[in-house]
Number of protein chains: 2
Amino acid sequence: MNVSQGTTPRSRRERPAKAPLTREGIIDVALGILRSEGLRKVTLRRIAAELDTGPASLYVYIRNAEDLHGQLIDAFLEPVVASAEASVDRPSVDWRSRIKALLDEYRRALYRQPELARIALTTQLSGPNYLMVVDAVLGALAAGGVPDRESAWAVDMLLLHATAEVVEHAEHQDDEGVGGGAAQSLSVLTSQIEAVDGAKYPHIARLGPDLLSGNGTQRNHWAVEALLNGVLATPRPE
Amino acid sequence: MNVSQGTTPRSRRERPAKAPLTREGIIDVALGILRSEGLRKVTLRRIAAELDTGPASLYVYIRNAEDLHGQLIDAFLEPVVASAEASVDRPSVDWRSRIKALLDEYRRALYRQPELARIALTTQLSGPNYLMVVDAVLGALAAGGVPDRESAWAVDMLLLHATAEVVEHAEHQDDEGVGGGAAQSLSVLTSQIEAVDGAKYPHIARLGPDLLSGNGTQRNHWAVEALLNGVLATPRPE
DNA sequence: ACCTGAACACCGTTCAAGT
DNA sequence: ACCTGAACACCGTTCAAGT
């Protein structure tokens, strides 16, 4: 039961405070809203309301809204770390497969909340889970015989590529029309490319719809493979 | 002179309409605000005010705010196209150098307005200038002997990497403290990495500050080199 | 068809005042 | 030191009503 029809005006003490007013409590509430309603609803006003206070109170614990959003990413990276730790126990697995699995898991985690991927790109990540992912990738690169000098720059490329891919290909939340959105935009894109002026854009016209071929996983596995081959073949200057 | 102290209330017809109420006029005004005050100020309300009307009027010509923001990118890509066309006239230049120059120019254009880079990542670009950049990269890849099948996927990787790099490394506009922001955050990062727990993150600890070595151009040229080597060495599956 | 005033339903952040 | 009410200065979008 517990259905309350008609809002009591100004009922300030309906429930006990869900969480204490601490940094952790604030992040907890933010994660709850994020999981149930998406990042767009994770606003300072909303969090404050959930904690039965005003938005001004949060500024004792957080610097600003972006600071808070950045904190949320690390929590979403937990499953990636879990799978990374599992893979360390099985070092027999090919190092390339290990990196691919790691990055697949990383992308999967971000796809769960693609708005976070955009934030991951702009804010400097330094949470424990993110560091663990970086460390795991470095470990696999070392196992594959990639020298440290090149690994140092390669890990950035690999994670940057994975993050950007999510940002680019995530469903730009439609709020409506759940099915077919991606498929439709693909067909729109295909006809756009087929209609391209061959005189102005000869190479696009020549390749045509093959520019859009393959699914996400296929393209990504090829991309990672190419990235690794390139890293192995390209010494860092001087 | 022309100093008007004290605002006349409701002075609706102070100046003649700056631009006609058309899609082009709207984009023109938006570009003006973008160049002089940054993307954050390019709001529908602000544009409408500049056109002496209300924000509701804009919805006859644009679908929504994101639609408008997407339109602005192509204008910023104009210098890239100019340099691309110049390089086509000098096909003697090494194809790798041509791609590097193209991507340098592309990144430079986005760095002028890094907020646009973020939008470039999320919205499906199909403006004439963007298509021209894609075509130029494809042309250079073909000149380098990269097979069409691989070029089709490689062009995406190259531009995705370039765009993401801008999003990641752009000064997160401080609104204050113009100088030293990047340098300071680098030193903060360096000390963070030096303080990392070697037991938990052995690989990060081993590489240490070398993870952050090199400047943007050095890292980017190496990244493009590695990307190209990888693309040349990695056939697309089946 | 095009345009608009006004409203709706919100934002993040600051600050003086309280405890 | 911590917390708050209230204000400041905004947003994008919708819609009934006008022309």
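Numbered from 1 within each chain, the chains take letters A, B, ... in sequence-line order. What you see below is based on every heavy atom in this structure, not just the backbone, and it leaves out hydrogens, waters and symmetry mates.
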In this structure, how many angstroms lie between the [atom2] atom of [N] and the [atom1] atom of [X], rounded?
| X | N | atom1 | atom2 | result |
| --- | --- | --- | --- | --- |
| L21(B) | dT4(C) | CG | P | 6 Å |
| I47(B) | dC3(C) | CD1 | P | 16 Å |
| D52(B) | dT4(C) | CG | P | 9 Å |
| I62(A) | dC3(D) | CD1 | C1' | 14 Å |

With sequence neighbours excluded, tell me which residues meet side-chain hydrogen bond (donor to acceptor under 3.5 Å, both in side chains) with [X].
| X | result |
| --- | --- |
| R107(A) | D104(A), E165(A) |
| S213(A) | D210(A), W153(B), R236(B) |
| S151(A) | none |
| H203(B) | R206(B) |

Output all residues satisfying salt bridge (charged side-chain N to carboxylate O under 4.0 Å, His left out) with E85(A), sequence neighbours left out; order by chain, then residue number.
none

Contacts of R46(B) meeting salt bridge (charged side-chain N to carboxylate O under 4.0 Å, His left out) (sequence neighbours excluded), chain-then-number -> E37(B), E50(B)

Distance check, P atoms only: dC10(D) and dA9(C), in whole angstrom units.
23 Å

In dot-bracket notation, what is the pairing pattern of DNA chain D, taking Watson-Crick (N1-N3 plus N6-O4 or O6-N4) and G-U wobble (N1-O2 and O6-N3) contacts under 3.5 Å, with [ ] crossing and | for other strands?
||.|||||...|||||.||

Run the side chain to side chain contact (heavy atoms under 4.5 Å, CB included) check on L207(A) and V155(B) step by step: do they pass?
CA-CA 11 Å; L207(A) 299 203; V155(B) 66; over 6 Å; no

S57(B) side-chain N/O to dT4(C) phosphate OP1/OP2 under 4.0 Å
yes

For each nucleotide in nucleotides 7-19 of chain D, reading 5' to 3', give B when a protein heavy atom comes within less than 4.0 Å of its base, S when such contact involves only the sugar-phosphate, and - otherwise.
B---BBBBB----

Selection residues 67-81 of chain A - residue pairs positive for salt bridge (charged side-chain N to carboxylate O under 4.0 Å, His left out), sequence neighbours left out:
R23(A)-D67(A)

